Student: 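Attaching a single structure in structure tokens format; questions to follow.
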Amino acid sequence: AQSVTQPDIHITVSEGASLELRCNYSYGATPYLFWYVQSPGQGLQLLLKYFSGDTLVQGIKGFEAEFKRSQSSFNLRKPSVHWSDAAEYFCAVGADSGNTGKLIFGQGTTLQVKP
Amino acid sequence: DGGITQSPKYLFRKEGQNVTLSCEQNLNHDAMYWYRQDPGQGLRLIYYSQIVNDFQKGDIAEGYSVSREKKESFPLTVTSAQKNPTAFYLCASWAQMNTEAFFGQGTRLTVV
């Protein structure tokens with residue numbers, strides 16, 4: 001069965017420092033992969049997605065992610081974190097082989113930004 | 001503006017009561033989804049519907065029911081059979097052309 005693991009429950013970085021959030025997935029075929037961000041008490045906003053093509057994808061707010069099939073990973077990165085990036089981040093994989101919208105989410109990583 | 005509207009934002013329920021959470025979308029999306037969010041567990045799929053008048057159980061459907069009589073609406077009923085209903089509930093719709101899910105702002109349900 002498909003699954004998503006985000007190994008880091010909580011990460012704290014200083015403002016201006018670089019960030020990498022880890023995501024590992026289990027899926028037999030080429031996966032649909034997503035990163036979402038959630039502010040407290042709010043819905044989820046899509047940061048970026050991957051389903052084919054260039055393995056380095058650019059998203060909104062200066063985020064990028066790299067799909068590495070050999071490592072079953074889709075890590076999220078940002079070169080310089082801003083205080084407004086403090087939020088919870090979810091990695092997700094499409095549950096079906098097709099484009100159906102059923103998503104399996106990781107447990108989430110809470111990002112805290114120190115001034 | 002197009003989007004997904006969930007109401008109410010906060011909901012309190014007494015034990016033994018059924019309660020219905022509203023989800024409306026004006027994005028013209030065929031597929032809609034209900035997720036439950038608990039701290040440290042991410043989002044788990046409750047029910048989904050890929051077309052009007054049809055829906056399927058997700059991973060944690062027990063104690064919940066849904067209907068899909070209109071394309072725009074996908075209400076979720078939390079029944080008294082749901083043993084631990086206190087959670088944050090998120091509704092989403094799926095844009096197949098964009099390969100993207102759009103989420104509502106959520107409803108926080110508390111059993112008192």
Side-chain angles (χ1 to χ4, degrees), chain A residues 1-11 21-26 30-53 57 59-60 67 74 87-110, chain B residues 3-11 21 23-25 27 29-51 54-61 74 87-110:
Chain A
Q2 300 97 324
S3 65
V4 177
T5 301
Q6 294 179 244
D8 304 305
I9 296 173
H10 193 110
I11 283 184
L21 302 183
R22 295 183 291 164
C23 173
N24 294 100
Y25 67 90
S26 171
T30 299
Y32 289 69
L33 291 162
F34 307 84
W35 273 101
Y36 283 88
V37 62
Q38 184 182 36
S39 297
Q42 300 296 313
L44 275 66
Q45 181 184 23
L46 180 69
L47 288 174
L48 46 79
K49 59 190 176 186
Y50 170 83
F51 48 91
S52 67
V57 293
I60 63 171
F67 170 60
F74 188 56
E88 190 160 19
Y89 292 79
F90 292 96
C91 181
V93 65
D96 297 332
S97 57
N99 181 2
T100 67
K102 282 179 65 180
L103 301 179
I104 296 173
F105 287 84
Q107 302 93 319
T109 297
T110 300
Chain B
I4 298 180
T5 301
Q6 289 187 242
S7 62
K9 189 171 178 66
Y10 298 96
L11 189 56
L21 284 60
C23 178
E24 303 279 333
Q25 57 106 351
L27 300 167
H29 293 162
D30 287 316
M32 297 185 72
Y33 301 81
W34 274 106
Y35 291 92
R36 170 178 171 143
Q37 185 177 13
D38 297 283
Q41 296 194 48
L43 281 72
R44 293 179 290 168
L45 183 63
I46 305 172
Y47 266 99
Y48 64 102
S49 167
Q50 294 182 316
I51 198 168
D54 187 43
F55 48 83
Q56 285 79 40
K57 293 181 180 180
D59 299 318
I60 56 166
F74 191 39
F88 191 55
Y89 291 88
L90 286 161
C91 178
S93 67
W94 179 256
Q96 193 163 29
M97 285 187 66
N98 296 341
T99 316
E100 180 177 345
F102 290 82
F103 284 83
Q105 295 299 294
T107 294
R108 184 165 298 281
L109 172 64
T110 303

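Basis for what follows: all heavy atoms, side chains included, without hydrogens, waters or symmetry-related copies. To find a chain, count down the sequence lines: A is the first, B the second, and so on, and within it residues start at 1. Computed from a prediction, not measured in an experiment: that's the story for all the values here.
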Student: Pick from B/His29, B/Arg44, B/Gln96, B/Gln41: which one has the most heavy-atom pairs with chain A under 4.5 Å?
Tutor: B/Gln96
Student: Which atoms of A/Gln38 come close to chain B, meaning under 4.5 Å heavy atom to heavy atom: side chain ones, backbone ones, both, or neither?
Tutor: side chain
Student: Given that the side chain runs from C-beta out, which part of B/Gln6 has a heavy atom under 4.5 Å from chain A: side chain, backbone, both or neither?
Tutor: neither
Student: Can you confirm whether more than 12 heavy atoms, excluding those of B/Lys9, are under 6.0 Å from its NZ atom?
Tutor: yes
Student: Just checking B/Leu27: does its CG atom have more than 12 heavy atoms from other residues, nucleotides or ligands closer to it than 6.0 angstrom?
Tutor: yes
Student: Side chain, backbone, both or neither: which part of B/Leu43 has an atom under 4.5 Å from a heavy atom of chain A?
Tutor: both
Student: Side chain of A/Tyr36, backbone of B/Ala101: donor and acceptor closer than 3.5 Å?
Tutor: yes
Student: Is there side-chain contact between A/Lys49 and B/Glu100, with heavy atoms separated by less than 4.5 Å?
Tutor: yes
Student: Which answer fits B/Phe102, side chain, backbone, both or neither, if we ask what part of it has an atom under 4.5 Å from a heavy atom of chain A?
Tutor: neither
Student: What's the shortest heavy-atom distance between A/Phe34 and B/Thr99, and which atoms?
Tutor: CE2-O, 3.3 Å
Student: With chain B, which of A/Gln6, A/Gln107, A/Glu88 has the greatest number of heavy-atom pairs at distances under 4.5 Å?
Tutor: A/Gln107
Student: Should the heavy atoms of other residues, nucleotides or ligands under 6.0 Å from CD1 of A/Ile60 be counted, would the total exceed 12?
Tutor: yes
Student: Output, in order, the C-alpha distance, side-chain angles, deciding distance and verdict of side chain to side chain contact (heavy atoms under 4.5 Å, CB included) for B/Tyr35 and A/Leu103.
Tutor: CA-CA 10 Å; B/Tyr35 291 92; A/Leu103 301 179; 3.6 Å; yes
Student: List the atom of A/Lys102, the atom of B/Tyr33, and the distance in Å for their closest heavy-atom pair.
Tutor: N-OH, 3.6 Å
Student: Between B/Gln105 and chain A, which part of the residue has a heavy atom less than 4.5 Å away: side chain, backbone, both or neither?
Tutor: both
Student: Between A/Gln45 and chain B, with a heavy-atom cut-off of 4.5 Å, which part of the residue counts as in contact: side chain, backbone, both or neither?
Tutor: neither
Student: What part of A/Leu44 gets within 4.5 angstrom of chain B, counting heavy atoms only: side chain, backbone, both, or neither?
Tutor: both
Student: With a 4.5 Å limit on heavy-atom distance, are the side chains of A/Gln42 and B/Phe88 in contact?
Tutor: no
